[in-house]
Asks: 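Dropping a structure here in structure tokens format, bear with me for questions.
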There are 2 protein chains.
Amino acid sequence: MLDSAERLCVARGSRLTELRRLVLGLVLDAGRPVGAYDLLDGLRADKKGAAPPTVYRALDFLLEQGLIHKIQRLSAFVGCTHVLDASHAHAGGCHPHAAQFLICTGCGQVTELDDRNIVHALVDATRDIGFMVRQSTVEAEGLCGACRTGSPVPARADGAP
Amino acid sequence: MLDSAERLCVARGSRLTELRRLVLGLVLDAGRPVGAYDLLDGLRADKKGAAPPTVYRALDFLLEQGLIHKIQRLSAFVGCTHVLDASHAHAGGCHPHAAQFLICTGCGQVTELDDRNIVHALVDATRDIGFMVRQSTVEAEGLCGACRTGSPVPARADGAP
DNA sequence: AAGTTATACGTTATAATATAACAAATATCG
DNA sequence: CGATATTTGTTATATTATAACGTATAACTT
């Protein structure tokens with residue numbers, strides 16, 4: 001998956017340096033939203049004296065490239081499920097592409113959607129007013145199927161099983 | 001408008017105290033997104049020794065009542081245009097109701113929408129997956145009609161004309 | 001290859017946003 | 001009135017994010 005990101009960056013002429021690759025790896029490994037300071041801790045395993053700007057700069061790059069997303073309601077970051085999937089990779093594409101996120105308050109999982117209808121509804125509503133959308137944030141908080149039907153997958157930050 | 005909020009709270013059995021009313025007044029007066037610490041400064045004109053928790057608690061209350069909204073991308077607060085409009089006031093209603101926000105990066109204005117189609121698209125997409133939405137954040141950043149056509153209304157924080 | 005420019009990174013300090021915890025005051029209800 | 005719940009005051013601190021400036025590394029030009 002990191003290699004897939006690498007190829008994408010090469011194709012775009014942007015540079016996935018060792019540091020950025022490390023941070024991307026940490027985000028992807030987590031498999032759920034991670035805060036910048038958690039990443040910083042993880043980063044310090046490899047890069048002793050890392051400081052906040054180190055991680056925030058890497059995150060800025062990864063966001064620009066659309067390799068990760070920021071979940072505003074959590075001030076946390078997740079890997080982009082769509083750009084890195086081989087099935088969706090149309091290399092030239094859509095750097096920070098539109099996406100929607102479902103945040104489960106039960107298990108902490110975040111699901112990424114790429115729903116044309118939602119984007120469409122938003123663009124329609126704004127065009128009526130003469131507003132031109134550059135970037136959008138769509139996040140829903142609630143309960144995922146598993147947590148709602150009582151088959152809890154309590155993979156929370158504390159890791160309690 | 002404050003009186004309208006007062007009536008709404010009375011009808012609900014919640015208490016719009018002097019402090020909360022003051023904070024709501026500051027948010028409404030601003031007419032654009034305001035940060036918690038700006039509100040704190042404003043609050044100190046009336047309440048000398050006010051501290052962060054003072055303002056955050058008032059904001060929590062106002063959010064619960066749906067009298068204000070938080071713009072996640074700005075970490076800032078705006079008055080709710082819909083609840084306080086007499087035309088929309090169905091007193092029993094919808095405490096923290098769904099809404100969408102258009103943030104103009106030109107003039108800083110924020111427009112609140114209450115678009116059924118957007119909400120519908122979101123609910124549809126999530127139901128397919130078995131996800132149950134409790135709260136949603138929908139925010140778009142871009143240029144409003146005035147700023148896009150070059151009739152700038154540069155009413156920014158600095159107030160430069 | 002050397003010089004020049006642009007980009008990325010290291011480092012220190014600090015800004016901006018938000019909450020925990022506990023005590024004191026005020027309102028509500030029996 | 002007295003018991004209970006809610007609200008506010010107060011101190012301290014946690015969490016998230018950026019400014020500013022210097023150094024190193026890569027890329028581009030001749």
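This is a predicted model, so every value here is computed, not measured. In the text below, chain A, chain B and the rest are named by the order of the sequence lines, each starting its count at 1.
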Asks: Where each residue is assigned the nucleotide of DNA chain C containing its nearest heavy atom, which of B:A36 and A:L19 is assigned the position nearer the 5′ end?
Replies: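 Comparing both residues, the 5'-ward one is A:L19.
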Asks: Over how many whole Å does the gap from B:R20 atom CZ to D:dT6 atom C1' extend?
Replies: 8 Å
Asks: Rounded off to whole Å, could you give me the CG-to-P distance for the A:L59 and D:dT18 pair?
Replies: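 Between P of D:dT18 and CG of A:L59: 10 Å.
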Asks: Measure from CG on A:D60 to P on D:dT16 and round the result to the nearest Å.
Replies: 16 Å
Asks: Salt bridge or not between A:D60 and A:R57? Use side-chain N to carboxylate O under 4.0 Å.
Replies: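 No, A:D60 and A:R57 are not salt-bridged.
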Asks: Whole-Å distance between C:dT17 C1' and B:D41 CG?
Replies: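 Between C1' of C:dT17 and CG of B:D41: 14 Å.
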Asks: Could you tell me how far apart B:L40 (CG) and D:dT11 (C1') are, to the nearest whole angstrom?
Replies: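 Rounding to the nearest Å, CG of B:L40 and C1' of D:dT11 are 14 Å apart.
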Asks: Side-chain N or O of A:K70 less than 4.0 angstrom from OP1 or OP2 on D:dT16?
Replies: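 Checking A:K70 against D:dT16: no side-chain N or O falls below 4.0 Å of OP1 or OP2.
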Asks: Could you give the CD-to-C1' distance, from A:E18 to D:dA24, as a whole number of Å?
Replies: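 Whole-Å distance recorded here is 14 Å.
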Asks: Give a yes/no answer on whether the side chain of A:Y56 brings an N or O atom under 4.0 Å of OP1 or OP2 in D:dT18.
Replies: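 For A:Y56, the contact criterion (side-chain N or O under 4.0 Å from OP1 or OP2 of D:dT18) is not met.
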Asks: Could you state the CD-C1' distance from A:Q72 to C:dT17, rounded to the nearest angstrom?
Replies: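 Between C1' of C:dT17 and CD of A:Q72: 14 Å.
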Asks: Do A:H97 and A:H69 have ring centroids that are under 6.0 Å from one another?
Replies: yes
Asks: With nearest nucleotides of DNA chain C determined for A:Y37 and B:R57 from heavy-atom distances, which residue corresponds to the more 5′ nucleotide?
Replies: A:Y37
Asks: Between atom CG in A:L62 and atom P in C:dC9, what is the gap in whole Å?
Replies: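 Spelled out: CG on A:L62 to P on C:dC9 is 10 Å.
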Asks: Which part of the nucleic acid, if any, lies within contact of B:K48, taking any heavy atom under 4.0 Å across all strands shown: a base, the sugar-phosphate backbone alone, or nothing?
Replies: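 Here B:K48 touches no strand at all.
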Asks: Which word best sums up how the rings of A:Y37 and A:Y56 line up, parallel for under 30°, tilted for 30 to 60°, or perpendicular for over 60°?
Replies: perpendicular
Asks: With B:V78, which of B:V34, B:I68, B:I71, B:L28 fulfils side-chain contact (heavy atoms from CB on, under 4.5 Å)?
Replies: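 Only one of B:V34, B:I68, B:I71, B:L28 forms a side-chain contact (heavy atoms from CB on, under 4.5 Å) with B:V78, namely B:I71.
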Asks: Indicate the atoms forming the closest heavy-atom contact of A:L24 with A:A5, along with that distance.
Replies: CD2-CB, 3.7 Å
Asks: Ignoring backbone atoms, test whether B:T54 places a side-chain nitrogen or oxygen under 4.0 Å from the OP1 or OP2 oxygen of D:dT10.
Replies: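 For D:dT10, OP1/OP2 do not have a side-chain N/O of B:T54 under 4.0 Å.
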Asks: Distance check: side-chain N/O of A:R15 vs OP1/OP2 of D:dA26, anything under 4.0 Å?
Replies: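 Checking D:dA26 against A:R15, no side-chain N or O comes under 4.0 Å of OP1 or OP2.
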